[in-house]
Amino acid sequence: MRTKHAGYSMLSTSSKGLILLPLLFLAFICIFVYPKELELQAFLSSCSTPPSGTNNATAGAVYTRKPDFRLLIGILTVPDFYERRHLLRMVYSVQLSSLTAQIDVRFVFCRLQTDDQRVFVPLEILMHGDIIVLDGCKENMDGGKTHAFFSAVASLYADAPYDYVMKADDDVFFRLPELAASLGAMPRQDTYYGALIPCASMDTRNRRGYMSGMGYALSWDLVEWIARARNVTRGRTVGFEDRRTGEWLSLGGKGKNRFNAKPAMYDHPLSVPVTKCNHELVPETIALHRLKDNPRWAEALRYFNFTAGLKSSKFYKIHS
């Protein structure tokens, strides 16, 4: 029944009940019958980043607090090494959960050259979001790729700079917690960090020395400086590139804070040629270099007990 009040109709109590009853019933179903669906919708609505930002560790984790520092690792590799990138993504993703630093891993190529690369690499980018393609170089060995990398990074991340940028090979295994503990103690300015060459040398005061190409880190100010120091780098980008990096810094009076991480950064003991950079695997390892094949990778991961967290299951039997 409707009643009149001040010139307009009012619903009776019984009419209001008839309208509210279906709404209350619908709310009951949503809350008590399908609670998981509500949680899923809430989760999806809160995720505005692409899959590479949330699901793939090498593309960067989501941090709920300010990290101790931010490090970008650029692994200089070639487009056709699909299997190696798959391995490296697994190796690094399982290490990130315990870090208090932000470490982002990117795979760095020069321009893509073949039709299959122009299909497969974009698929990787869609899936992982962890690839940088440098437009300023052709794929090369000691043909200027390192300079192209640092110059590109200075521009690409100018709005959100890292504290450090590392150039790394694709045959080196970094133990990220150990790397973070070591690098985190370094100054944030004018820092050049790595494994000093010559192998027998431990003296970072020798400006003719340089850091091994297995992996070395530069503080952000040095990355910016390399990108704009054309008077120093012009004519000095081609050649043994890691030595070139040391030359740039010495000529420019840069990299005064040099840190030699040997013997925790070293070559695999069976590497050829044998040098004083080689030694047996040790528990305090930061980086192990010259892992050229899967058996060496398996040996390293076994030594550091990387699969210790695997739980037993009826779905697989690992040990024969």
Side-chain angles (χ1 to χ4, degrees), residues 71 73-78 81 84 87-88 91-92 95 103 105 108 140-143 145-147 149-150 164-183 185-186 191-219 222 239-250 255 257-304 306:
L71 166 65
I73 300 178
I75 299 177
L76 274 58
T77 184
V78 295
F81 280 18
R84 177 58 55 86
L87 172 62
L88 290 172
V91 166
Y92 291 131
Q95 300 185 66
I103 299 180
V105 179
V108 183
N140 63 83
M141 174 73 75
D142 295 331
K145 186 174 181 179
T146 297
H147 183 266
F149 165 64
F150 284 126
Y164 305 102
V165 176
M166 173 173 276
K167 173 263 176 186
D169 288 346
D170 61 12
D171 64 343
V172 64
F173 163 45
F174 277 101
R175 300 176 70 210
L176 297 185
E178 287 71 18
L179 173 63
S182 178
L183 187 57
M186 298 298 106
T191 294
Y192 183 26
Y193 171 101
L196 187 66
I197 300 294
C199 292
S201 176
M202 298 292 286
D203 185 5
T204 56
R205 295 171 298 178
N206 179 5
R207 294 298 169 176
R208 288 182 295 180
Y210 59 94
M211 300 304 176
S212 164
M214 73 169 79
Y216 53 86
L218 301 176
S219 53
L222 294 183
F240 191 58
E241 294 193 10
D242 306 310
R243 183 183 293 137
R244 288 296 195 189
T245 303
E247 287 179 9
W248 304 332
L249 298 176
S250 295
N257 297 313
R258 300 192 176 203
F259 184 78
N260 178 21
K262 293 187 303 189
M265 295 178 67
Y266 57 97
D267 288 345
H268 188 276
L270 298 182
S271 300
V272 177
V274 176
T275 69
K276 291 189 177 180
C277 289
N278 304 52
H279 61 74
E280 296 297 324
L281 278 61
V282 293
E284 59 271 20
T285 296
I286 293 175
L288 177 59
H289 188 215
R290 299 192 185 277
L291 301 180
K292 298 293 187 183
D293 52 39
N294 285 345
R296 287 191 183 182
W297 275 98
E299 175 194 2
L301 297 173
R302 189 181 305 113
Y303 179 86
F304 295 109
F306 250 54

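Everything numeric in this text was worked out from a predicted model, so none of it was measured.
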- [ ] Give, for atom CG of L291 and atom NE2 of H268, the distance between the pair rounded to the nearest 0.5 Å.
- [x] 6.5 Å
Task: Electrostatic pair R244:E247 at N-O distance under 4.0 angstrom - done: yes
Open item on the list: Which residue is it: R290, R84, K292? I am looking for the one with a salt bridge (charged side-chain N to carboxylate O under 4.0 Å, His left out) to D171.
Closed with: K292
TODO: For residues R296 and L288, determine if any side-chain heavy atom of one lies less than 4.5 Å from a side-chain heavy atom of the other.
DONE: no
Task: Donor-acceptor pair between N278 and T275 side chains, under 3.5 angstrom - done: yes
TODO: Hey, could you give me the CZ/CD distance between F304 and E299, rounded to the nearest 0.5 Å?
DONE: 9.5 Å
Task: Closest contact, heavy atoms only, Q95 versus P177 - done: OE1-CD, 3.4 Å
- [ ] Report yes if the side chains of W248 and T245 come closer than 4.5 Å at any heavy-atom pair, otherwise no.
- [x] yes
- [ ] For H279 and L281, run side chain to side chain contact (heavy atoms under 4.5 Å, CB included): C-alpha distance rounded to whole Å, both residues' side-chain angles, the deciding distance at 0.1 Å, then the answer.
- [x] CA-CA 7 Å; H279 61 74; L281 278 61; over 6 Å; no
Task: Heavy-atom pair with the smallest gap, counting every atom of A264 and E284 - done: CB-O, 3.5 Å
Task: Closest non-hydrogen atom pair between L179 and M166, with its separation - done: CD1-CE, 4.1 Å
Open item on the list: So that I know where these two stand, are Y303 and F173 an aromatic pair - ring centroids less than 6.0 Å apart?
Closed with: no
Open item on the list: Within this structure, what is the NZ-CG distance for the pair K167 and D169, rounded to the nearest 0.5 Å?
Closed with: 4.0 Å
Open item on the list: If I take atom CD1 from residue I197 and atom CZ from residue R208, how far apart are they, to the nearest 0.5 angstrom?
Closed with: 15.0 Å
Task: Heavy atoms of other groups near F259 CZ, more than 12 under 6.0 Å - done: yes
Task: L218 side chain near Y192 side chain, heavy-atom distance below 4.5 Å - done: yes
TODO: List the steps and the verdict of side chain to side chain contact (heavy atoms under 4.5 Å, CB included) for L196 and K262.
DONE: CA-CA 7 Å; L196 187 66; K262 293 187 303 189; 4.2 Å; yes
TODO: Taking all non-hydrogen atoms of both residues into account, name the closest pair between S201 and N260 and its distance.
DONE: O-ND2, 3.9 Å
- [ ] Considering non-hydrogen atoms only, spot the tightest contact between V91 and W297 and give its length.
- [x] CG2-CZ3, 4.3 Å
Open item on the list: Can you tell me how far apart OH (Y164) and CG (L222) are? Round to the nearest 0.5 Å.
Closed with: 10.5 Å
- [ ] Measure the OH-CZ distance between Y210 and R243 for me, rounded to the nearest 0.5 Å.
- [x] 4.0 Å
Open item on the list: Can you see whether Y193 engages S219 through a side-chain donor-acceptor pair at a distance of less than 3.5 angstrom?
Closed with: no
Task: pair M265-H289: side-chain heavy atoms closer than 4.5 Å - done: no
Open item on the list: What verdict does the side chain to side chain contact (heavy atoms under 4.5 Å, CB included) test give for L176 and Y92, after you've listed the backbone C-alpha separation in whole Å, the side-chain angles of each residue and the deciding distance to 0.1 Å?
Closed with: CA-CA 7 Å; L176 297 185; Y92 291 131; 3.9 Å; yes
TODO: Check A180 against I103 and note the closest heavy-atom contact, atom names and distance.
DONE: CB-CD1, 4.3 Å
- [ ] May I have the step-by-step check of side chain to side chain contact (heavy atoms under 4.5 Å, CB included) for F174 and L88, ending in yes or no?
- [x] CA-CA 10 Å; F174 277 101; L88 290 172; over 6 Å; no
